[in-house]
Amino acid sequence: MTDVFGLSHKDTGPVTGGQARHEQVVFCSDERSGLHAIIAIHNTALGPGLGGTRFYPYESEQAALADVLNLSRAMAYKNALAGLDLGGGKAVIIGDPATDKSEALLRAYGRFVQSLGGRYYTACDVGTYSEDMDIVARECSYVTGRTLANGGAGDSSILTALGVFQGMRAAAEHTYGTPTLRGRRVGVEGVGKVGHRLVGHLIEDGAEVVVCDVSERAVERLRRIHPQVEVVADRLELTAADVDVYAPCALGGALDDETVARLRAAIVCGGANNQLAHPGVEKQLADRGILYAPDYVVNSGGVIQVADEIRGFNMERAQAKATQIYDTTLKIFSSAAEDGVPPAVAADRLAERRMSEVGRIRGIWLGH
């Protein structure tokens, strides 16, 4: 039996400050369709929880639970620093999306999301796409990240990549005194939905780019568009390469003890979620003089994009808000320097302050 409340910090990853507890965790099962899902709502201090649905073949329910708790907490902090009036939520569907995904399963999942009465808005994540959200929406009113044909924002990787690029510009400004990657060498790990768009921004800005990906197809697709990109064999070679910036854009946990010790980059800024493998890695980076742009800050462009759907999607408005990630990232670097703490700690403090201050105001009784 899974003990939701008994999971330790080592089970669920880094948890800091006073925001560790989750408000609600829902296990969803529909045997006929094969649905086995978990929805986690970290907090609703700023508004309903918003976060994507990850469809992944977890090795166990415990592993799925640990991931959804981590991801939902990260969404609370991400939404807070993105300036959104939304809390943190996330969902995982246990299974292989290539073989287990079906209309019946997605519609059953939509019924469970609907049953929460608007406490959680879902969207796309690893293993799910806008077309899937259209199916979920046939049973649910609380769905974002839908296709353009159905009034949605479409592929959220568009503004995710833009936001990472803006964060990287801020890191360059802080490190080199100029907000550009021109003439810099950037190593991008993972050139899927976000990574390949980030490469496009970097090349347009004048950067030299070296990449790796476990998918040869993803690399071949990128090289067809950007033949000048250099390709290395694997992440081990990439993280040891002579680059100015390392951009992890694959799955989480990229920054472990061995990787940090091996890095030659001056900046780490990428699109992957939960990049720090365990508490203390942020200090290791700082001790080595490596500037870390907190992942949930710089990759928040995607959630900004899908959140804009809630009031009727407008790409210009969403893009303008995603561009502000540059200013937010600079503010975090400045706060970290003033307080003598790593940027990850400074970001957590700013997010927790907004959740606390605005959350308190939203608690003022309105008489109905």
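If you read the sequence from its start, that first residue is 1, and numbering goes on from there. No hydrogens, no waters, no symmetry mates; every other heavy atom, side chains included, goes into these values. Keep in mind it's a predicted model, so treat the numbers as computed, not measured.
The backbone N or O of Ala347 sits less than 3.5 Å from a side-chain atom of Tyr296, completing a donor-acceptor pair. Side-chain N or O atoms of Asn274 include none that pairs as donor or acceptor with a backbone N or O of Gly252 at under 3.5 Å. Between the side chain of Arg288 and the main chain of Val260, a donor-acceptor pair closer than 3.5 Å is present. Remark: the backbone N or O of Ile135 is not paired with any side-chain donor or acceptor of Glu103 at under 3.5 angstrom. Judged purely by atom type and a 3.5 angstrom limit, Asp85 has no side-chain atom pairing as donor or acceptor with the backbone of Gly47. Gln24 places no side-chain N or O within donor-acceptor distance of the main-chain N or O of His42, the cut-off being under 3.5 Å. No donor-acceptor pair closer than 3.5 Å links the side chain of Ser334 to the backbone N or O of Lys331. Although no hydrogens or angles enter the test, the distance criterion places no donor-acceptor pair under 3.5 Å between the side chain of Glu237 and the main chain of Arg235.
Here the rule is side chain to side chain contact (heavy atoms under 4.5 Å, CB included) with Val209, and of Leu181, Val243, Val199 only Val199 fits it. Residue Leu350 is tested with Ile332, Val297, Thr328 for a side chain to side chain contact (heavy atoms under 4.5 Å, CB included); the sole match is Ile332.
Between the side chains of Glu189 and Tyr246, at least one donor-acceptor pair of N or O atoms lies under 3.5 Å. Judged purely by distance below 3.5 Å, without hydrogens or angles, the side chains of His196 and Arg221 pair a donor atom with an acceptor atom. No side-chain donor from either of Thr329 and Gln166 sits under 3.5 Å from a side-chain acceptor of the other. Between the side chains of Asn299 and Asn273, a donor-acceptor pair is found at a separation under 3.5 Å. No donor-acceptor contact under 3.5 angstrom links the side chains of Ser215 and Asp213, judged on distance only. In this model, a donor atom of one side chain and an acceptor atom of the other lie less than 3.5 Å apart for Asp134 and Asn150. Side-chain contact annotation: Tyr109 with Glu139, donor-acceptor N/O pair under 3.5 Å absent. Judged by distance alone, the side chains of His36 and Asp30 never bring a donor and an acceptor atom under 3.5 Å apart. In this structure, a donor-acceptor pair under 3.5 Å is present between the side chains of Arg197 and Ser157. A side-chain N or O of Thr53 and one of Thr122 form a donor-acceptor pair less than 3.5 Å apart.
The two residues Tyr292 and Pro343 come nearest to each other via the heavy atoms O-CB, 3.3 Å.
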